[in-house]
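Reviewing the structure listed below.
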Amino acid sequence: MLIKRPDDTCPSEITPPEIYARRRELMKAAAAGSIVAAAGGLSSRGASAQGGGLAKLDGVRKSAYSTVEQPNTYRQITTYNNFYEFGTDKDDPARYADRLKVKPWTVVVEGEVRKPRTFGIEELVKLPLEERIYRLRCVEAWSMVIPWVGFEFRELAKLVEPTGNAKFVEFVTAYQPETMPGVRLPVLDWPYVEGLRIDEAMHPLTILAVGLYGEVLPNQCGAPIRLVVPWKYGFKSGKSIVRIRFTDKQPKTAWEKAAPHEYGFYSNVNPDVAHPRWSQKKEKRLPSLFATRDTVIFNGYGDQVASLYAGMDLKKNF
Ligand code: MTE
C-alpha cells in the first residue's frame, strides 16, 4: 500500500507504479511473520548526532572536496534510506539491514584490467581514506549532506591497471536471499547493478565509501563498501558492492532494466530534465518537509564535472 505522508506532497516514489504494486506482497509476507525485524537496527544502537557507536576508521584525512554545508545528523542519514533489498519503505533498511552478512567480505575486480584481483575489505580500508562531505540528491527530490569516509575509485583502478578497452565500469552489489527479504520479489532484476563511464569513474570526486561520520558504514547505508558519485542522482551509488567489472560495453543498470523511460544511464542531477512523473526543479533538504531549494545542475559540482559532458545533449542522455 502506498502510504502518503504529509512530506510526500510530490509523487516522490522512485518505483514505477507497476513495480510498486508488487510490494504489497512483500508487506503481506512481513505481516505473516516471514520477515523478522532484527532486534534494534544498527541506527538505534549507541547512536548520537554524530555517530552510531560502530568501529572507528583509522587514518582519515579531511578533504578539500568537502562542502561547507552543515551535514545531516547520523540519525537522519541512517533512518531514511533506499536499499530495496530490505524493503521499499524508507525505514525498512534501518529495521532489517542488520541481518546483512558483512564478514567476510570480498570485492572481485575483473574484466578489462591487466591485474584482476579479489580484495578483502580489510585491504581496501587501507587505501588513502578521506572524509568527503558531499550533497546527495535523490531522484525523488530530497537531499541530504553526508560526511562519507572513502577512497577515490581511481586509487583502486591503479592497483588493477585497466586496459585501453576499459570504457565503462559495472558495479554489482550483494545478493543474499537469506538476509534480504526484498529480493524474494521481482521489484528489480537482482542483484542491483550500476554503471559509470570510465572517465566518470576515474574522476576524483567518485569515491568508494567505507564509512560515515568517521565510523564503518552502518548496513543500511551500504556496508561495508558502496559507491558515491555526488553529481548524479543517489540511485547511481550502488550499496554493498561485491564485484567491479571494467568493460568495453555500457552496462545495463538495474533501474534502466526496470524502467528505461524513467531512469537513464547517466542520471546526472539536472533541474531541466523532469522525471516523467515529477519535476526535478526543486528539492527538500531533509529533515525539512518542503521542497523549497532550487536544484542545481550536477548537484552543484558542475565546475568539476561539466566538461565530462561537453557537446552531449543532456536531455537525450538523461
Ligand atoms: N544500492 C542497492 N544495492 N540497492 C538499492 O536499493 N538504492 C539506491 C542507492 N543504492 C539502492 C542502492 C538509491 S535509490 C539511493 S537514493 C541511494 O542508494 C540511497 O542511499 P542512502 O540510503 O545511503 O541515502
Side-chain angles (χ1 to χ4, degrees), residues 12-16 19-20 23 26 41-43 52 71-97 100 102 105 107 132 134-150 170-177 179-183 185-196 207-213 217-230 232-244 253-259 262-263 267 269 275 280 283-287 299:
S12 63
E13 278 302 331
I14 191 167
T15 324
I19 292 175
Y20 201 87
R23 62 183 284 283
L26 180 66
L42 279 175
S43 59
N72 282 84
T73 65
Y74 188 86
R75 190 166 181 80
Q76 286 159 359
I77 296 166
T78 57
T79 55
Y80 192 91
N81 300 101
N82 281 329
F83 199 169
Y84 276 21
E85 289 86 333
F86 294 98
T88 53
D89 278 343
K90 293 289 176 277
D91 55 356
D92 284 340
R95 291 165 68 197
Y96 302 123
L100 179 75
V102 293
W105 196 276
V107 180
R132 291 280 177 101
Y134 281 162
R135 290 179 287 276
L136 178 139
R137 168 55 159 86
C138 180
V139 74
E140 299 163 326
W142 51 265
S143 64
M144 289 201 220
V145 175
I146 303 180
W148 301 113
V149 175
E170 179 183 67
F171 298 85
V172 182
T173 71
Y175 177 73
Q176 292 183 4
T179 70
M180 296 173 161
V183 303
L185 293 169
V187 177
L188 290 171
D189 185 7
W190 312 110
Y192 192 103
V193 170
E194 258 310 335
L196 295 174
I207 60 167
L208 285 166
V210 295
L212 170 67
Y213 268 118
L217 282 178
N219 291 2
Q220 61 269 44
C221 292
I225 184 161
R226 68 172 284 171
L227 183 63
V228 177
V229 194
K232 293 179 179 277
Y233 291 117
F235 70 89
K236 293 301 287 181
S237 299
K239 294 180 169 181
S240 306
I241 292 170
V242 293
R243 188 175 293 273
I244 297 175
T253 71
W255 282 108
E256 274 184 288
K257 284 194 210 164
E262 299 197 356
Y263 307 109
S267 297
V269 173
H275 182 281
Q280 296 289 13
E283 67 197 56
K284 64 178 177 191
R285 171 65 49 83
L286 296 178
N299 202 20

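We count ligands from 1, going down the list as the structure has it; atoms in each ligand are counted the same way.
The OG atom of S237 lies 5.0 Å from the CZ atom of R226; values are rounded to the nearest 0.5 Å. For the atom pair I77 CD1 and I146 CD1, the distance stands at 5.0 Å (nearest 0.5 Å).
Neither side chain, Q280 nor H275, offers a donor N or O lying under 3.5 Å from an acceptor on the other. Judged purely by distance below 3.5 Å, without hydrogens or angles, the side chains of N82 and K90 pair a donor atom with an acceptor atom. Side-chain contact, R285 with S143: a donor N or O sits under 3.5 Å from an acceptor N or O.
With respect to the salt-bridge test (charged N to carboxylate O, under 4.0 angstrom), the residues E283 and R135 do not qualify.
The closest approach between a heavy atom of C138 and any atom of ligand 1 is below 4.0 Å. Under a 4.0 angstrom heavy-atom cut-off, S240 registers as lying outside contact with ligand 1.
Contact detail for P224 and V102: the closest heavy-atom pair is CD-CG1, 4.1 Å.
Side-chain contact between E85 and Q176: absent, with no pair of heavy atoms (C-beta onward) separated by less than 4.5 Å.
In this structure, atom 7 (N) of ligand 1 lies nearest to the protein heavy atom N82 O, 3.3 Å. Nearest non-hydrogen protein atom to atom 18 (O) of ligand 1 is K239 CE, 3.5 Å. In terms of protein heavy-atom proximity, atom 5 (C) of ligand 1 is closest to Y192 CE1, 3.3 Å. In terms of protein heavy atoms, atom 17 (C) of ligand 1 is closest to G234 O, 3.4 Å. Looking from atom 13 (C) of ligand 1 to the surrounding protein, the closest heavy atom is F235 CA, 3.4 Å.
In terms of polar-atom proximity, W148 is not counted as a contact of ligand 1, lacking any N or O under 3.5 Å from an N or O of the ligand. Residue Y84 has at least one nitrogen or oxygen atom sitting less than 3.5 Å from a nitrogen or oxygen atom of ligand 1, judged on distance alone. Backbone and side-chain nitrogen or oxygen atoms of E85 are examined, and one is located within less than 3.5 angstrom of a nitrogen or oxygen of ligand 1.
With a heavy-atom cut-off of 4.0 Å, R226 touches ligand 1 through its side chain alone. Contacts between T173 and ligand 1 below 4.0 angstrom, taking non-hydrogen atoms only, involve the side chain exclusively. Using a 4.0 Å cut-off between heavy atoms, E140 makes no contact with ligand 1 at all.
Residue S237 approaches ligand 1 through these ligand atoms, each under 4.0 Å from one of its heavy atoms: 9 (C), 10 (N), 12 (C), 18 (O).
Aromatic ring pairs are classed by plane angle as parallel below 30°, tilted from 30° to 60° and perpendicular above 60°; the pair Y74 and Y213 is tilted.
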